[in-house]
Amino acid sequence: MLDVILTIAYLVGVISFLFLFVLFAVWFERKLSGWMQDRLGPMETGGFQGWLQTIADAIKLLLKEDIIPEQADKPLFRLAPYIIFIGTLGAFAVIPFGAHLIGSDLNIGLYYIIAISSIIAIGILMAGWSSNNKWSLYGAMRSAAQIISYEIPIGLSLLVPAVMAGSLSMQTLVAAQGGGFWNWNFLQAPPFGLIAFIIYFWASVAEVNRTPFDIPEGESELVAGYATEYSGMRYAMFFMSEYANLFVVSAIGATLFLGGWSSPLPFLTFIPGPIWFLGKSMVLVFIQMWLRWTLPRLRVDQLMGVCWKVFLPFSFLNLIVVSFWMLWVK
Amino acid sequence: MRTALKENYFKQIWKGISTTLIGMSVTIGHLFKPSVTLQYPHERWPMPEGARLRIQMDFDECTGCGACARACPVDAIIIEVLKAQAGVDLGETSNGTKKRLHVLKFDVDNAKCIYCGLCIPPCPTGAIHFDLDYEAMKLTRKELIYHFSIMTSDEVETLREADREAKAKAAAAKAQAAAEKAKAAESAPKKPNQSDSSS
Ligand code: SF4
Ligand code: SF4
């Protein structure tokens with residue numbers, strides 16, 4: 001009974017954290033894009049730097065009419081946003097926020113994350129197909145192709161920390177990096193840990209469909225990709241899972257390569273783990289936003305080319321080298 | 001062919017990485033540059049001298065000569081004037097031109113105005129000029145007609161009434177004078193008829 005209550009409490013906590021993060025991240029991204037383009041971004045709503053802007057936008061989205069196209073496959077159309085959101089939320093079960101702050105320390109945590117985030121591809125395909133719209137379908141197809149392709153280098157580079165720690169459990173992976181930043185995985189087996197980290201990071205940008213890999217929703221060609229026909233709350237759901245996903249991939253990167261909740265220097269351990277963890281994740285989120293406002297969108301063939309011709313062989317070789325390193329050097 | 005491909009492969013990877021880093025350094029630099037945005041309703045650019053915006057006029061300066069209305073190519077200025085009664089002093093404009101006319105109506109229709117500025121040079125007193133205020137949005141076309149005359153309709157009515165009376169008086173006086181003249185002519189000894197002599 002206590003277990004159930006605790007689980008529900010954790011779930012509620014995670015969902016409210018997600019809401020807060022999305023509200024903050026959308027505002028922050030708009031400010032950041034403004035500053036990077038010598039503009040100001042939202043300034044009016046809420047007084048200081050327009051901090052209420054996303055809340056106002058969210059309220060607006062929630063109040064909008066929920067339009068379902070006449071020719072849409074209605075059950076699938078209704079279901080798709082929830083599936084995507086569940087795929088996102090599922091990953092939070094094994095993300096370690098702190099030493100004891102984790103939904104469930106599965107012994108196959110890493111495997112579980114890779115598995116559950118693949119559900120998102122299904123949700124996107126559902127949304128694209130059921131909308132009965134060319135843009136949506138194209139967007140969904142591109143997105144599915146992209147996610148499935150990039151899952152391979154992601155999986156291969158995520159295996160590098162697993163090989164280093166000899167475990168798939170997230171807490172064990174974090175514990176193996178404890179003691180100081182020199183123990184973090186991206187500095188292990190130099191430079192192979194770093195290569196794995198860079199490949200993971202780039203591939204994760206593609207995984208969450210953000211610029212420069214946002215071809216599934218390239219506004220100039222596909223209007224809004226698989227979300228074209230969605231409006232109101234359902235659209236808000238897509239939007240939210242997009243930003244939540246941004247956090248998930250950054251959190252995974254922080255956990256596996258940047259030491260998770262462990263502090264960078266041994267004498268800094270008095271600062272609680274969740275703060276370190278959130279700080280590291282936010283740095284990665286910032287870099288993703290930074291990339292987004294720097295690079296233009298790739299073409300589909302370039303995107304696939306980068307994945308299959310560069311990321312895949314490199315991550316594969318990297319994994320093999322690291323495996324031998326662990327066997328012989330350590 | 002194959003070696004070229006191989007060379008290109010690593011070169012391209014290097015190019016991809018390095019150009020991304022260059023781009024990122026550019027954007028991070030712009031992050032700390034002051035923005036160029038002007039927060040419009042809170043701050044405004046000063047309007048340049050001589051900007052052609054709305055027509056504005058200084059009613060006290062106007063002599064009612066109508067030169068501006070005649071110059072206007074689109075008839076955007078409508079003026080109605082009334083001659084001042086004898087003995088009424090309307091004062092002078094700042095450059096010493098004597099005012100002789102009541103300006104009953106001075107309307108500028110901003111919906112018609114093409115902001116050509118042709119009405120400005122003919123004005124003898126410099127009463128008409130461009131304004132530097134540019135927020136001239138109105139909801140209806142009627143509101144775009146600016147009434148510059150400061151006379152109220154009552155004043156206008158009184159002036160018109162006085163004018164009519166004066167005119168009537170003058171006419172009556174004239175008629176009387178004419179009648180008196182005729183009478184005098186009648187009572188005078190008969191002279192040979194002019195018309196007869198002419199025919
Ligand atoms: S600016 Fe030109 S159009 Fe406008 S009132 Fe003067 S003369 Fe007429
Ligand atoms: S030209 Fe000048 S003085 Fe004459 S009517 Fe126009 S504004 Fe008045």
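Please read these numbers as outputs of a predicted model, since none were measured by experiment. Here is the naming used below: chain letters follow the sequence lines, and residue numbers restart at 1 for every chain.
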Colleague: Measure distances from A:P313 to the heavy atoms of chain B and classify the residue's part below 4.5 Å as side chain, backbone, both or neither.
Modeller: side chain
Colleague: Start with the C-alpha distance between B:V36 and A:R39, add both sets of side-chain angles, then the distance that settles side-chain contact (heavy atoms from CB on, under 4.5 Å), and finish with yes or no.
Modeller: CA-CA 6 Å; B:V36 295; A:R39 296 183 288 115; 5.9 Å; no
Colleague: Check this for me: B:K98, atom NZ, are more than 12 non-hydrogen atoms of other residues, nucleotides or ligands nearer than 6.0 Å?
Modeller: yes
Colleague: Give a yes or no on whether B:K138 atom NZ has more than 12 heavy-atom contacts from other residues, nucleotides or ligands under 6.0 Å away.
Modeller: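 Result for NZ/B:K138: enclosed.
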Colleague: Check each atom of A:M43 against the heavy atoms of chain B and say whether the ones under 4.5 Å are side chain, backbone, both or neither.
Modeller: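 For A:M43, the contact with chain B is made by the side chain alone.
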Colleague: Which of residues 17-28 of chain B get closer than 4.5 angstrom to chain A, counting heavy atoms alone?
Modeller: B:T20, B:G23, B:M24, B:T27, B:I28
Colleague: Contact part of B:L31 toward chain A, heavy-atom cut-off under 4.5 Å: side chain, backbone, both or neither?
Modeller: both
Colleague: In this structure, are over 12 heavy atoms from other groups packed under 6.0 Å from A:F316 atom CZ?
Modeller: no
Colleague: Crowded around B:F59 CZ? As in, over 12 foreign heavy atoms under 6.0 Å?
Modeller: yes
Colleague: If you count the non-hydrogen atoms of other residues, nucleotides and ligands that lie under 6.0 Å from CZ in B:R44, is the total more than 12?
Modeller: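 For B:R44, atom CZ is crowded (more than 12 foreign heavy atoms under 6.0 Å).
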Colleague: Atom CG of A:D38 and atom OG of B:S35: how far apart are they, to the nearest 0.5 Å?
Modeller: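 OG of B:S35 is found 7.0 Å from CG of A:D38.
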Colleague: Could you tell me whether A:Y243 atom OH has more than 12 heavy atoms of other residues or ligands within 6.0 Å of it?
Modeller: yes
Colleague: Given heavy-atom pairs under 4.5 angstrom as the criterion, report whether the side chain, backbone, both or neither of A:L295 touches chain B.
Modeller: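 Interface part for A:L295: side chain.
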Colleague: Given a strict heavy-atom distance threshold of 4.5 Å, which part of A:I198 is in contact with chain B: side chain, backbone, both, or neither?
Modeller: neither
Colleague: Where along residues 284-294 of chain A does a heavy atom come under 4.5 Å of chain B, listed by residue number?
Modeller: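 Contacts with chain B: A:F286, A:I287, A:W290, A:L291, A:W293, A:T294.
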